[in-house]
A.B. asks: 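I'd like to ask some things about the structure below.
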Amino acid sequence: MAYNFKDIEAKWQKFWAENKTFKAKQPSENQENKNPFYVLDMFPYPSGAGLHVGHPLGYIGSDIYARYKRHKGYNVLHPQGYDSFGLPAEQYAIQTGQHPAKTTTANIKRYREQLDRIGFSFDWDRQVRTSDPKYYRWTQWIFIQLFESYYDFDDQRAQPIEKLINRFEQNGNSDLNVACDEDTPEFTAEQWQEFTNQRQEEILLQYRLTYLAETEVNWCPALGTVLANDEIVNGLSERGGHAVERKKMNQWSMRISAYAERLLQGLENLDWSESIKESQRNWIGKSVGSQVKFAVKNHNDFIEVFTTRPDTIFGVSFMTLAPEHDLVKKITTPEQKEAVDAYIKETAKRSERDRLADVKSISGVFTGAYAEHPLTHQPIPIWIGDYVLASYGTGAVMAVPCGDQRDYDFAHHFNIPVPNIFKDTDISEAAFGEKDDTLITNSEFLNDLPIKQAIAKAIEVIEDQGIGKAKTNYRLRDAVFSRQRYWGEPFPVYYVNGLPQMIEDQHLPLELPEVDEYLPTEDGEPPLGRAQTWAWDTNESKVVDNNKIDHKTVFSLELNTMPGWAGSSWYMFRYMETEKRNEVFASQDALDYWQNVNLYVGGSEHATGHLLYSRFWTKFLKDRGFLKVDEPFQRMINQGMILGESAFVKRGNDTGKFYSEGLEIAEDYQRIHADVNLVNTSNELDIEGFKKFRPEFKDAEFITEDDGSFKVSREVEKMSKSKYNVINPDDVCDEYGADALRLFEMFLGPIDQAKPWNTAGLSGVVGFLKKLWKLYHQGDKFVVTDDKADKKALKALHQTIKKVNMDIEDFSFNTSVSSFMICVNELNQLKCTSREILEPLCVLVAPFAPHIAEELWERLGHEGSVSSVPYPEHNEKYLKEDTKTYPISFNGKMRFTLDLDLNLSKDEIEEIVMQDERTQKQLDGREPKKVIVVPGKIVNIVG
RNA sequence: GCUCGGAUGGUGGAAUUGGUAGACACGUUGGACUUAAAAUCCAAUGGCCGAAUGUGGCCGUGCGGGUUCAAGUCCCGCUCCGAGUACCA
């Protein structure tokens, strides 16, 4: 019987679904007392385009691992769900008027169908959707917990806000070491008691882990909305090409900066790639230095700067403020006002990224004001420049042009003096780069000190004189948490006298209201501003019509929604719960049992977003006693992207004719994407199909090769709908089967690398599956014998077992597939039919190609699924070699090989090699200088 | 710009982590089977040169240097490509 993947795959997918083969057991159901193991994929955003072959790459890898762990006797939790809030659904809603919930549901259905065809061992009973009110009820709940908490640096943990209020009442806030806004005023216990309730609430907001603050956004006046950086192309909005400017808005923020140190330290114990950990380290950006105050002349103000190089303080020749810095307006002199205002207006048009990336154009304006150097008391001109960002550090720098290239360039550009404070150095061409042994000069008490000591001394003096203090700074900024969007979680917040109030836990979820359109309102309010029924009745504890707002018992609700990362920051814990999802985000015994994700698989592009926010929320939930674990993802594997092989046709600019790739073309031409589904493996285009593919090509003329074929050129690009290079996994499953798709995706290369998809290569794994099937069959008959296995066959099998076990642990699946091929080729050659070989082989391939394995397992006479059968383990006795083919090298170049007994000593090997006539021939009479013998590896003769 | 990756035959990639570069596949070429095609099987396949039923030589892992008996692998300096860059997910 021929290998019929269609019937086999449908049969076993049905079997798995009906028998709930991959259901993970909760602790109470876990009679066999298996150890838990949690394998998780980063859940997908269900886009309208559906899955392409790039998406399942990581899922296949994690599925192999999950199946492997089941074979190893673990109770495996391997769930899947959807990150179903997001911009694309909202964009689509704006264009079509369709409710995003509707399109999202349809997209999810399509995703599910596609996923089901690939044979994943997901426990679908546990799926989550972030846009489901039953789910986001708990996202809102976590938000409230954050609101009700502050961070204590002495305890290194979050604490309930009541504890802080208590401390205010006892001692005021002067001797607290807790996270708060920079500009929080000091007060005594007496003052606190005398503050109005309103004032107290305002102060508490400066401590809460989620708080309201003015933050900058990309505002598009024409669209009346805030844009993501993604929606801005070359400084203009992607939709409509309108101008975009930076604008301050009052928004919710998350005080993630309080966790900077713990997020940094926690990386040490994670089994993640060093590169991702390094990215997070750099993102958190810890730097040690000092904060210094510069008084502004003729004003009662100070400019605070942070510097990692306080030793260079005598090299300061100007200061630069971010154009958005609060002091700018205040200190600018009347003469400079016009220039400063114009400059601020110009910078408002540039994104932060543009400002940082552009190091070539130097721009800035003098404010007319001077600061006083805190040590020399000399006047220092204060400039503004867009290379300084308001959101980083204090938004101001003390410029030391002799030591910092940007300051150096700025000084030269504006003819500002560049005093040199580095002894015996040349700064005529460029700023001086740091060297440890350099001495400081022209710096009073720092003279002739090397840099390290000068830094220490400078901090000492700065602290003594009360002009600053040692400080550790982090680049990590608090995360803006408000979005002016419809399709996100509503905040469980209403406003009384402009102050936020939380809706009580028992009244959650606060569900998204209906709106007539998904656009902002006329006066620039977020889409929720369109809702007619969006007010909170505190007596009834429910949402009521806006016209009932009386600011006494009925108040307006928050109009912003939460960002995409809200729901994805805690979903890994939701999967742990099955029964009590309405009562808790996850129950304690489930959390205790599953702990955290043992293996997380997803893209490295989330390095500093999702992966940092999830760690933050996990730490917070642990601090407040809701979790026992400090980290969400213990081990992580990052899959690379699968790229598409785009096809291009050449179209003449003048004649509009299409030319086959090999032809000489007289006129200028354009390269146009052709749908890759219209091109065969020999790069020949289906001309008729192409004419139908886009109506405007209907009557086009095609100039073919001499043999009548029309060829396209190929180029590797990102797989995307707009490039017409998308390969749909459904099509691959239809034509070759899910097992072939799974094997091929793994065979393509290392899971963590980007690599192009090439459908032609599929025939390799299809051939393998056929050969595997053939091993168990003779003609139409299933034939497996109880014959004693051949020694060679045992060796082939056990080599493969050893290799595959190692490979799975290392996530090196491409080499596993290779070794399966080698093994099957060998067994076919040996005409092996022995059960002793074929039964373990079947289990061995099961995680990779589960459908064919289940079928063969059944044919081998077993009942039930192969998926929990113990995984084969290799036996060294079948692998033992007693000889080794030694490469014999001369000066590092291999000249011939020699089979030698592995038990030979170094000297014996050397003797045999030297006696070999080929050695004498190579040496050609020369006397070797040295003979290097590495037993079991190599012989190298030097001379 | 900054941060993090990557680069090996015509193609995807392998190389026990410093020890025979190119495993395994795809593709190509030749052959077997066939009226023919598909499927299947067999053989060859990094480049150049030399041989001509001898198994030999040179070059070769993005580029330029270095360390070493030995470098795809380690070090220094570049080039190009990809990802992230704080409101895409």
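Everything numeric in this text was worked out from a predicted model, so none of it was measured. Below, all heavy atoms of this structure are taken into account, side chains as well, without hydrogens, waters or symmetry copies. Reminder, nothing fancy here: chain letters follow the sequence lines and each chain counts from 1.
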A.B. asks: Tell me yes or no: between the side chains of A:Arg477 and A:Ser391, is some donor less than 3.5 Å from an acceptor?
C.D. replies: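 Their side chains do contain a donor-acceptor pair, which is all the 3.5 Å distance test asks for.
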A.B. asks: Answer with base, sugar-phosphate or nothing: what part of the nucleic acid does A:Ala754 contact at a heavy-atom distance below 4.0 Å?
C.D. replies: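 Touches sugar-phosphate only.
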A.B. asks: Base, sugar-phosphate alone, or nothing: which one does A:Val359 contact when heavy atoms must sit under 4.0 Å apart?
C.D. replies: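 Sugar-phosphate contact only.
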A.B. asks: Would A:Thr815 and A:Asp807 count as having a side-chain donor-acceptor pair, cut-off 3.5 Å?
C.D. replies: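 Per modelled atom types, A:Thr815 and A:Asp807 side chains form a pair under 3.5 Å.
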A.B. asks: What's the gap between B:U8 and B:A21 when it is taken at their C1' atoms, as a whole Å value?
C.D. replies: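 Roughly 8 Å separates the two C1' atoms.
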A.B. asks: How many whole angstroms separate atom CG of A:Asn107 from atom P of B:A89?
C.D. replies: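 Going from CG in A:Asn107 over to P in B:A89 covers 14 Å.
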A.B. asks: What is the distance, rounded to the nearest whole Å, between atom CZ of A:Arg714 and atom P of B:C26?
C.D. replies: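 Rounding to the nearest Å, CZ of A:Arg714 and P of B:C26 are 18 Å apart.
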A.B. asks: Would the base of B:C87 count as contacting A:Gln484 through its side chain, where contact means a donor and an acceptor less than 3.5 Å apart?
C.D. replies: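 By the distance-only test, yes, there is a pair.
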A.B. asks: Under 4.0 Å between any heavy atoms, over every strand shown, what does A:Lys929 touch: base, sugar-phosphate, or nothing? Just pick one.
C.D. replies: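 Contact class for A:Lys929: none.
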A.B. asks: Would you mind classifying the nucleic acid contact of A:Val217 as base, sugar-phosphate or nothing, using non-hydrogen atoms under 4.0 angstrom?
C.D. replies: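 Since a base atom lies under 4.0 Å of A:Val217, the category is base.
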A.B. asks: So what does A:Ile932 touch, heavy atoms closer than 4.0 Å: a base, only the sugar-phosphate, or nothing?
C.D. replies: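 Counting heavy atoms under 4.0 Å across all strands, the contact made by A:Ile932 includes a base.
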A.B. asks: Check whether the side chains of A:Gln280 and A:Trp272 place a donor and an acceptor atom closer than 3.5 Å, and report yes or no.
C.D. replies: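 No, no side-chain donor-acceptor pair sits under 3.5 Å.
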A.B. asks: May I have the distance from A:Leu643 (atom CG) to B:G6 (atom P), rounded to whole angstrom?
C.D. replies: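 Distance check: A:Leu643 CG to B:G6 P gives 15 Å.
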A.B. asks: Convert the base pairs of RNA chain B into dot-bracket notation, remembering that pairs crossing earlier ones are written with [ ] and that bases paired across to another strand are shown as |; include only Watson-Crick or G-U pairs under 3.5 Å.
C.D. replies: (((((((..(((......[....)))((((((.......))))))((((......))))..(((((..]....))))))))))))....
A.B. asks: Would B:G9 be called syn or anti here, given the cut-off of 90° from 0?
C.D. replies: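 Syn, angle within 90° of zero.
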A.B. asks: Expressed as a whole number of Å, how far does the C1' atom of B:U73 sit from that of B:A52?
C.D. replies: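 About 39 Å, rounded to a whole number of Å.
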A.B. asks: Can you check the distance between B:G65 and B:A83, where both ends of the measurement are the C1' atom (answer in whole Å)?
C.D. replies: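 One C1' to the other, the span is 30 Å.
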A.B. asks: Check the phosphate of B:G12 against A:Lys755, side-chain N and O only, distance under 4.0 Å to OP1 or OP2. Yes or no?
C.D. replies: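 No, outside the criterion.
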A.B. asks: So what does A:Ser604 touch, heavy atoms closer than 4.0 Å: a base, only the sugar-phosphate, or nothing?
C.D. replies: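 It contacts nothing in the nucleic acid.
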A.B. asks: Check every strand shown and say whether A:Arg475 touches a base, only sugar-phosphate, or nothing at a heavy-atom separation below 4.0 Å.
C.D. replies: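 It contacts base atoms.
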A.B. asks: Report which part of the nucleic acid A:His606 touches: base, sugar-phosphate, or nothing (heavy-atom distance under 4.0 Å, all strands).
C.D. replies: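 Base contact - A:His606 has a heavy atom under 4.0 Å of at least one base atom.
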A.B. asks: If you look at every strand shown and take non-hydrogen atoms under 4.0 Å, does A:Glu278 touch a base, only sugar-phosphate, or nothing?
C.D. replies: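 Sugar-phosphate only.
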A.B. asks: Strictly distance-based, threshold 3.5 Å: is any side-chain N or O of A:Thr130 a donor or acceptor partner for the main-chain N or O of A:Ser84?
C.D. replies: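 Between the backbone of A:Ser84 and the side chain of A:Thr130 there is a qualifying donor-acceptor contact (under 3.5 Å).
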A.B. asks: Which is it for A:Trp773 and A:Tyr3 under the ring pair (Phe, Tyr, Trp, His ring centres under 6.0 Å) test, yes or no, and what are the steps along the way?
C.D. replies: CA-CA 6 Å; A:Trp773 184 260; A:Tyr3 167 52; 5.5 Å; yes
A.B. asks: Would you indicate what A:Ser889 reaches in the nucleic acid, counting non-hydrogen atoms under 4.0 angstrom: base, sugar-phosphate, or nothing?
C.D. replies: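 No contact.
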A.B. asks: Under 4.0 Å between a side-chain N or O of A:Arg281 and OP1 or OP2 of B:C4?
C.D. replies: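 Answer is no, no contact under 4.0 Å.
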A.B. asks: So A:Trp283, base contact, sugar-phosphate only, or nothing? Heavy-atom distance under 4.0 Å.
C.D. replies: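 Base contact - A:Trp283 has a heavy atom under 4.0 Å of at least one base atom.
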A.B. asks: Of the residues in residues 45-58 of chain A, which ones touch RNA chain B at a heavy-atom distance under 4.0 Å?
C.D. replies: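 Residues of residues 45-58 of chain A under 4.0 Å from RNA chain B: A:Tyr45.
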A.B. asks: Contact between A:Leu900 and A:Thr883 at the side-chain level, heavy atoms closer than 4.5 Å - yes or no?
C.D. replies: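 Side-chain contact under 4.5 Å: no.
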A.B. asks: Which whole number of Å gives the distance between the P atom of B:G27 and that of B:C78?
C.D. replies: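 Nearest-Å result for B:G27 against B:C78 at atom P: 43 Å.
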A.B. asks: Respond yes when some side-chain nitrogen or oxygen of A:Asn229 is under 4.0 Å from OP1 or OP2 of B:C88, and no when none is.
C.D. replies: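 No, no such contact exists.
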A.B. asks: Strictly by modelled atom types, are A:Gln91 and A:Glu231 linked by a side-chain donor-acceptor pair under 3.5 Å?
C.D. replies: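 Distance-only check passes for A:Gln91 and A:Glu231.
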A.B. asks: Determine whether the side chains of A:Tyr387 and A:Asp409 contain a donor N or O and an acceptor N or O closer than 3.5 Å.
C.D. replies: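 On atom types as modelled, these side chains do not qualify, holding no pair under 3.5 Å.
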A.B. asks: Just checking, is any N or O donor in the side chain of A:Gln251 or A:Arg483 under 3.5 Å from an acceptor N or O on the other one?
C.D. replies: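 Absent: no donor and acceptor within the cut-off.
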A.B. asks: Distance between the C1' atoms of B:U53 and B:A36, in whole angstroms?
C.D. replies: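 Looking at atom C1' only, B:U53 and B:A36 are 35 Å apart.
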A.B. asks: If I pick the C1' atom on B:C74 and the same atom on B:C2, what distance separates them, to the nearest angstrom?
C.D. replies: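 My reading of the C1' atoms in B:C2 and B:C74 gives 27 Å.
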A.B. asks: Give one of base, sugar-phosphate or nothing for A:Pro750, where a contact means two heavy atoms less than 4.0 Å apart.
C.D. replies: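 The answer is sugar-phosphate, as A:Pro750 gets under 4.0 Å only of primed atoms, P, OP1 or OP2.
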A.B. asks: Please confirm whether the shortest side-chain N or O distance from A:Lys884 to OP1 or OP2 of B:U16 is below 4.0 Å.
C.D. replies: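 Answer is no, no contact under 4.0 Å.
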A.B. asks: Reckon A:Asn825 has a side-chain N or O less than 4.0 Å from the OP1 or OP2 of B:C24?
C.D. replies: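 Checking A:Asn825 against B:C24: no side-chain N or O falls below 4.0 Å of OP1 or OP2.
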A.B. asks: Check whether any side-chain N or O of A:Arg353 sits under 4.0 Å from OP1 or OP2 of B:A86, and answer yes or no.
C.D. replies: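 Indeed, a polar side-chain atom of A:Arg353 lies that close.
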A.B. asks: Ignoring hydrogens and angles, state whether a donor on the side chain of A:Asn638 or A:Ser604 is under 3.5 Å from an acceptor on the partner side chain.
C.D. replies: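 No pair is found: no donor N or O on one side chain lies under 3.5 Å from an acceptor on the other.
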A.B. asks: On the nucleotide B:A83, are OP1 or OP2 found under 4.0 Å from the side-chain N or O atoms that A:Gln753 carries?
C.D. replies: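 No.
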A.B. asks: Between A:Gln91 (CD) and B:C87 (P), how many Å, whole number?
C.D. replies: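 So the CD-P distance, A:Gln91 to B:C87, works out to 17 Å.
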A.B. asks: Is A:Ser568 touching bases, backbone alone, or none of the nucleic acid, heavy atoms closer than 4.0 Å?
C.D. replies: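 If one applies the 4.0 Å heavy-atom cut-off, A:Ser568 turns out to touch nothing in the nucleic acid.
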A.B. asks: Would you say A:Trp487 and A:Ser131 are linked by a side-chain donor-acceptor pair, where the criterion is simply a distance under 3.5 Å?
C.D. replies: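 No - no donor-acceptor pair under 3.5 Å links their side chains.
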A.B. asks: How many whole angstroms separate atom CD of A:Glu605 from atom P of B:A83?
C.D. replies: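 About 10 Å, once rounded to whole Å.
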A.B. asks: In plain terms, say whether A:Arg281 and A:Glu274 are close enough for a salt bridge, that is, a side-chain N and a carboxylate O under 4.0 Å apart.
C.D. replies: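 The answer is yes: the pair qualifies as a salt bridge.
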A.B. asks: When you compare B:A14 with B:G22, how far apart are their C1' atoms, in angstrom units rounded to a whole number?
C.D. replies: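 Roughly 7 Å separates the two C1' atoms.
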A.B. asks: At 4.0 Å (heavy atoms only), tell me whether A:Lys771 reaches a base, stays on the sugar-phosphate, or touches nothing.
C.D. replies: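 Answer is sugar-phosphate: A:Lys771 comes under 4.0 Å of backbone atoms only.
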A.B. asks: With no hydrogens and no angle check, do the side chains of A:Glu717 and A:Ser646 hold a donor and an acceptor under 3.5 Å apart?
C.D. replies: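 Yes, a side-chain donor-acceptor pair sits under 3.5 Å.
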A.B. asks: Please state whether the base of B:C4 and the side chain of A:Glu274 form at least one donor-acceptor pair under 3.5 Å?
C.D. replies: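 No, the side chain and the base share no sub-3.5 Å donor-acceptor pair.
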A.B. asks: Counting side-chain heavy atoms from CB outward, which of B:C87, B:G13, B:G19 is closest to A:Asn814?
C.D. replies: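 Among B:C87, B:G13, B:G19, the one nearest the side chain of A:Asn814 is B:G13.
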A.B. asks: Restricting to non-hydrogen atoms, name the atom on A:Ala89 and the atom on A:Thr104 that form the minimum distance, rounded to 0.1 Å.
C.D. replies: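 Scanning both residues, the minimum pair turns out to be CB-OG1, 3.9 Å.
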A.B. asks: Mind checking the P distance from B:U20 to B:A70? Whole angstroms is fine.
C.D. replies: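 About 15 Å, rounded to a whole number of Å.
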A.B. asks: Check this one for me: any side-chain N or O of A:Asn282 less than 4.0 Å away from OP1 or OP2 of B:C4?
C.D. replies: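 For B:C4, OP1 or OP2 has a side-chain N or O of A:Asn282 closer than 4.0 Å.
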A.B. asks: Does B:U61 count as syn, meaning its glycosidic angle lies within 90° of 0, or as anti?
C.D. replies: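 This nucleotide is in anti.
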A.B. asks: Whole Å only: how far is the CD atom of A:Glu745 from the C1' atom of B:C26?
C.D. replies: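 The answer, rounded to whole Å, is 16 Å.
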A.B. asks: Does a nitrogen or oxygen in the side chain of A:Arg477 sit under 4.0 Å from OP1 or OP2 of B:U85?
C.D. replies: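 False: A:Arg477 side-chain N/O out of range (4.0 Å or more) of B:U85 OP1/OP2.
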